[in-house]
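Taking it in order: structure first as structure tokens, then the write-up.
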Amino acid sequence: MARIEGLFICLLIVIMDIVAGILGIEAEIAQNKVHHLKFLIFECKEPSPQAFKLGLAAAALLALAHVIANLLGGCMCICSKEDLERSSANRQLAVACLFLSWIVLAVGLGMLIIGAMTNSKSRTSCGISHHNFLSIGGILCFVHGLFCVAYYVSATAMAREDEKAIHRGGGAQMGERGQHTGLHP
């Protein structure tokens, strides 16, 4: 039953990130359809309400997928480099994927929001051209999906390892670092 639930959660995260990525790329296409004049690095363009809506929808889906992956993946605490080095491979992979998913979220969400905000004004804007923010943000949504699924899978595998270690302890519990913390010798 837990595997079916895990598969459903992974599919949900992947589908949300794929839809967010497609919306980001569609927002870029909608933005490129509006009338604009370009001279060297300067550009004057009209905002695209369609690109604004699609960009915000992509940003919202990306954020929601990240929240779901982090809430359902569980909480882990690595306080020092020594803790990380002594931890299991699943814990190390989970920490790495969690760290990378946060970086991809920050960059991708930033790109989507900047791209959407350039299309939110009701008047024509002129300035240095800002190309491909929406499409790069859309592509980062796909990358985010990979890291979030890898995080969720490794975090749940890590939790199963911890449960098995506790049950193997025979009455004594295993601590965070795998040390014997029970009263029995």
Side-chain angles (χ1 to χ4, degrees), residues 4-76 92-158:
I4 293 172
E5 179 182 299
L7 180 64
F8 175 75
I9 292 169
C10 289
L11 282 175
L12 178 67
I13 293 167
V14 167
I15 289 170
M16 290 176 73
D17 278 321
I18 288 174
V19 171
I22 291 170
L23 288 175
I25 293 169
E26 287 293 321
E28 183 75 34
I29 292 168
Q31 178 180 328
N32 290 337
K33 288 182 181 177
V34 298
H35 184 266
H36 64 279
L37 299 170
K38 185 175 180 182
F39 179 71
L40 297 175
I41 61 169
F42 298 103
E43 180 178 45
C44 290
K45 66 176 188 146
E46 295 176 13
S48 169
Q50 180 76 11
F52 175 72
K53 292 174 189 174
L54 291 172
L56 284 184
L61 276 174
L62 175 63
L64 186 60
H66 190 76
V67 167
I68 289 172
N70 280 275
L71 285 179
L72 298 178
C75 180
M76 67 178 62
Q92 291 176 356
L93 180 62
V95 168
C97 289
L98 180 65
F99 180 73
L100 291 172
S101 73
W102 274 98
I103 290 173
V104 172
L105 172 77
V107 175
L109 196 60
M111 298 289 258
L112 289 170
I113 290 173
I114 290 170
M117 289 301 135
T118 59
N119 289 292
S120 68
K121 298 175 184 168
S122 60
R123 57 181 167 73
T124 303
S125 64
C126 294
I128 297 175
S129 62
H130 300 286
H131 284 293
N132 305 325
F133 281 134
L134 292 167
S135 61
I136 293 171
I139 291 167
L140 287 175
C141 290
F142 300 130
V143 175
H144 180 265
L146 293 174
F147 284 126
C148 281
V149 167
Y151 165 69
Y152 178 78
V153 169
S154 59
T156 54
M158 176 195 68

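These numbers come from the heavy atoms of this one structure, side chains and all, not from hydrogens, waters or symmetry mates. Note that the numbering runs from 1 along the sequence shown for the chain. In this text, all values refer to a predicted model and were calculated from it rather than measured experimentally.
The minimum heavy-atom distance linking V34 with S48 is given by the pair CG1-CB, 3.4 Å. Between L72 and Y152, the shortest heavy-atom distance links the atoms O-CE1, 3.4 Å. Across G115 and N119, no two heavy atoms sit closer than the pair O-ND2, 3.0 Å. The two residues I113 and A59 make their nearest non-hydrogen contact at CG1-CB, 4.2 Å. Across all non-hydrogen atoms, the minimal contact from L134 to G55 is CD2-CA, 4.0 Å.
One distance of note links CD1 of I136 with CD of E28; it measures 8.0 Å at 0.5 Å rounding. Note that CG of L112 and SG of C141 are 5.0 Å apart. Values are rounded to the nearest 0.5 Å. Atom-to-atom distance recorded for I68:CD1 and C148:SG is 10.0 Å, nearest 0.5 angstrom. Residue T156 holds its OG1 atom at 8.5 Å from CE of M158, rounded to the nearest 0.5 Å. Note that CG of L140 is 10.0 Å distant from CG of L105, once rounded to the nearest 0.5 Å. Note that NE2 of H66 and CG of L109 are 9.5 Å apart. Values are rounded to the nearest 0.5 Å.
For S154, the side-chain contact (heavy atoms from CB on, under 4.5 Å) partners at least two apart in sequence or on another chain are L93, A94. Among residues two or more places apart in sequence or in another chain, the side-chain contact (heavy atoms from CB on, under 4.5 Å) test is passed with V149 by C10, I13, V14, V153. Looking at residues two or more places apart in sequence or on another chain, you find a side-chain contact (heavy atoms from CB on, under 4.5 Å) between L56 and F52, A116, M117. The side-chain contact (heavy atoms from CB on, under 4.5 Å) search around V67 returns L71, not counting sequence neighbours.
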Name every donor-acceptor pair, under 3.5 Å, that has one atom in a side chain of residues 96-103 and the other anywhere in the protein, sequence neighbours excluded.
| from | atom 1 | to | atom 2 | distance (Å) |
| --- | --- | --- | --- | --- |
| S101 | OG | C97 | O | 3.3 |
| S101 | OG | L98 | O | 2.9 |

Under 3.5 Å, which donor-acceptor pairs do the side chains of residues 15-24 form with other protein atoms, sequence neighbours left out?
| from | atom 1 | to | atom 2 | distance (Å) |
| --- | --- | --- | --- | --- |
| D17 | OD1 | H144 | ND1 | 3.1 |
| D17 | OD2 | H144 | ND1 | 3.1 |
| D17 | OD2 | G145 | N | 3.2 |

